[in-house]
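Since the structure comes first, as structure tokens, the remarks are kept for the end.
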Amino acid sequence: MKISVIGCGYLGAVHAAAMAELGHEVVGIDVDSARIESLAAAIPPFFEPGLPEILASATASGRLRFSTDISEVADATVHFVAVGTPQQHGSHAADLRFVDAAFVALAPYLKPGDVVAGKSTVPVGTASRLSARLASTAPGAILTWNPEFLREGFAVTDTISPDRLVYGVPGGDEGARAAGVLDEVYASAIEGGTPVVVTDYATAELVKVSANAFLATKISFINAMAEIAEVTGADVTALADAIGYDARIGRRFLNAGVGFGGGCLPKDIRAFTARAEELGRGESLAFLKEVDQINLRRRQRVIDLVVELLDGQVNGKRIAVLGLAFKPHSDDVRDSPALDVAVQLRGLGAKVVATDPQAVANARRRHPQLRYTDDVLTALDDADAVVLVTEWPEYKALDPVQVAGLVRGTVIVDGRNCLDAEQWRAAGWTYRGLGRR
Ligand code: UDX
């Protein structure tokens with residue numbers, strides 16, 4: 001099939017490359033010429049395992065190209081809109097200006113029968129508004145909403161073999177036609193057993209935000225239990241294991257720690273709350289504000305623990321911060337709890353030396369005032385305290401005996417509860433996790 005992808009950020013770049021990998025002919029469009037040049041040279045502008053390989057093979061095959069010229073979508077019959085919907089400045093609501101601009105730019109090139117598939121995460125009600133607008137700007141084109149559930153670090157696999165496909169379609173023949181076209185696009189996943197949910201626009205839009213709200217709630221739930229564990233002497237990790245054995249609850253996303261960050265969960269729960277308030281149903285999602293607050297409190301808890309372990313004397317102390325990305329296998333520092341902790345510790349007068357296997361460049365761009373190193377051993381050298389805030393495998397594998405020989409103070413705050421506390425204590429460390437004895 002001939003496909004265009006409008007917006008080549010995280011979502012769009014992966015989607016374009018994955019669709020070409022599946023055999024489709026794809027053009028990726030973005031207004032950022034540096035990004036397009038990089039993608040055209042098969043160099044992803046961000047770290048994502050597996051993406052360099054499929055970009056290289058798809059561009060070499062001639063099935064994938066990139067351009068800043070929107071008129072190049074003219075040959076395509078399926079158009080995915082994958083632009084960003086960041087949080088508005090000064091508000092919790094989503095900023096839809098890039099989505100609106102993409103539809104304005106695309107409309108003149110749409111032909112009757114073309115299918116436009118929205119992938120961006122949007123407030124409920126957006127698709128029906130855009131569909132009404134397309135009816136006059138591009139008569140005969142059909143809008144569907146086809147949310148994306150990819151996880152950073154697993155984006156390629158999640159796109160090629162998603163755990164479900166959701167199509168929000170209009171009623172009648174148009175809806176059936178749009179669903180049929182998307183079935184063709186995703187034929188290999190469907191043959192592999194991926195379930196398809198065909199529904200209306202509002203449900204499809206809500207599926208995406210409610211999935212993220214659920215995940216965020218699950219994480220904040222266990223972090224709230226960590227807060228209770230901290231005042232009762234209980235252990236949140238054992239608690240998570242025990243409740244996780246209940247198949248109705250499940251152990252995944254029950255890892256207590258410094259909390260969630262990234263480009264999706266924080267902004268999506270805020271935008272969802274803002275949309276519910278606009279709809280006069282603010283009370284239905286009021287709990288998500290609490291979910292957000294619990295999450296942000298965990299960052300403060302990590303800082304408080306460091307202060308406590310340094311007997312209140314943080315000023316001038318050298319602190320090694322291990323991790324900057326919002327999660328391992330990513331270079332993304334958007335709303336990263338790890339970077340936030342590093343910045344706040346420096347604000348308290350600490351000499352922070354921060355490290356991350358992938359995210360140093362992105363962190364430095366946002367916070368050039370911090371001191372960075374790519375080498376974890378350099379970060380640890382002479383440190384008065386160590387804070388682990390992103391659970392990269394190489395940090396989990398650190399040898400407490402070896403590290404004790406590098407630092408000045410053998411105190412560690414494990415902000416991801418990912419180290420073996422007993423092993424670190426046995427090597428002479430004062431170890432503190434979150435919600436752990
Ligand atoms: C998320 C959703 O999982 C994905 O479906 C959606 O498309 C985009 O948002 P992503 O942002 O890549 O994906 O990260 P995810 O793996 O969900 O992790 C989010 C955050 O939660 C990370 O900061 C992670 O460290 C944190 N987390 C996750 C926890 O603190 N505890 C857990 O148990 C799990």
Side-chain angles (χ1 to χ4, degrees), residues 9-12 14-15 46-49 51 82 84-86 119-122 146-159 162-166 204-205 207-226 236-237 239-241 243-244 249-272 291-292 294-299 301-302 322-341 356 358-359 388-393 395-396 414-418 433-435:
Y10 215 101
L11 168 58
V14 173
H15 195 69
F46 47 83
F47 173 76
E48 179 61 39
L51 183 58
T85 51
K119 285 213 126 340
S120 310
T121 301
V122 291
N146 172 219
E148 181 58 56
F149 306 99
L150 64 79
R151 297 159 298 164
E152 295 189 16
F154 303 91
V156 173
T157 331
D158 284 352
T159 306
D163 50 16
R164 79 286 212 189
L165 287 160
V166 177
E205 291 164 323
V207 167
K208 170 68 192 189
V209 283
S210 58
N212 277 353
F214 191 91
L215 294 172
T217 303
K218 201 169 177 190
I219 299 167
S220 277
F221 173 84
I222 200 65
N223 281 331
M225 295 308 109
V236 76
T237 305
L239 183 148
D241 290 344
I243 64 172
I249 296 173
R251 182 62 177 81
R252 293 178 74 189
F253 270 67
L254 279 185
N255 293 322
V258 70
F260 59 80
C264 289
L265 262 43
K267 85 163 170 70
D268 286 354
I269 60 168
R270 291 172 196 151
F272 196 13
V291 165
D292 201 6
I294 294 166
N295 191 53
L296 295 174
R297 276 207 299 273
R298 294 285 82 191
R299 302 178 185 191
R301 172 69 182 164
V302 169
L322 310 190
L324 291 161
F326 81 106
K327 67 172 190 181
H329 312 291
S330 168
D331 66 356
D332 197 342
V333 296
R334 286 177 292 170
D335 215 330
S336 169
L339 181 55
D340 199 7
V341 164
D356 189 283
Q358 293 294 338
L388 192 164
V389 260
T390 313
E391 69 278 35
W392 283 96
Y395 302 157
K396 292 203 272 187
D414 177 4
R416 292 291 180 180
N417 289 346
C418 63
L434 269 69

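In this chain, numbering begins with 1 at the start of the sequence shown. In each ligand, atom 1 is the first atom listed, and ligand 1 is the first ligand listed.
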Please work out, at 4.0 Å between heavy atoms, whether the side chain, the backbone, both, or neither of Ile222 comes within that distance of ligand 1. neither
Arg298 contact mode with ligand 1 (heavy-atom cut-off under 4.0 Å): neither
Suppose we measure from [atom] to each protein heavy atom; which comes out shortest, and what is that distance?
atom                    : value
atom 5 (O) of ligand 1  : Phe149 O, 2.9 Å
atom 2 (C) of ligand 1  : Asn212 OD1, 3.6 Å
atom 15 (P) of ligand 1 : Lys327 NZ, 3.7 Å
atom 27 (N) of ligand 1 : Ile219 CD1, 3.5 Å
atom 17 (O) of ligand 1 : Phe253 CZ, 3.3 Å
atom 23 (O) of ligand 1 : Phe326 O, 2.8 Å
atom 19 (C) of ligand 1 : Leu265 CD2, 3.7 Å
atom 31 (N) of ligand 1 : Asn255 O, 3.0 Å

Closer than 4.0 Å to some heavy atom of [X] - which atoms of ligand 1 meet that?
X      : answer
Cys264 : 8 (C), 9 (O)
Lys208 : 6 (C), 7 (O)
Leu150 : 4 (C), 6 (C), 7 (O), 8 (C)
Glu148 : 7 (O)
Glu152 : 12 (O)
Leu254 : 33 (O)
Phe260 : 20 (C), 21 (O), 23 (O), 26 (C)

Do any N or O atoms from the side chain of [X] and from the backbone of [Y] form a donor-acceptor pair under 3.5 angstrom?
X      : Y      : answer
Asn417 : Leu434 : yes
Lys327 : Asp332 : no
Arg298 : Arg301 : no
Arg334 : Gly262 : no
Ser336 : Leu324 : yes
Glu48  : Ala155 : yes
Ser330 : Gly153 : no
Asp331 : Phe47  : yes

Between Asp335 and Lys267, does any NZ, NE, NH1 or NH2 come within less than 4.0 Å of an OD or OE carboxylate oxygen? no
Below the 3.5 angstrom mark, is there an N/O of [X], backbone or side chain, next to an N/O of ligand 1?
X      : answer
Gly261 : yes
Glu391 : no
Pro337 : no

Option among Lys208, Arg164, Lys119 that satisfies the salt bridge (Lys or Arg N to Asp or Glu O under 4.0 Å) test with Glu148: Lys119
Could you tell me whether the side chain of Asn295 reaches within less than 4.5 Å of the side chain of Ile269, counting heavy atoms only? no
What is the ring orientation for Phe46 with Tyr10, classed by angle as parallel under 30°, tilted 30 to 60°, or perpendicular over 60°? parallel
So is Arg416 in contact with ligand 1, going by heavy-atom distances below 4.0 Å? yes
Check this for me: Phe149, atom CZ, are more than 12 non-hydrogen atoms of other residues, nucleotides or ligands nearer than 6.0 Å? yes
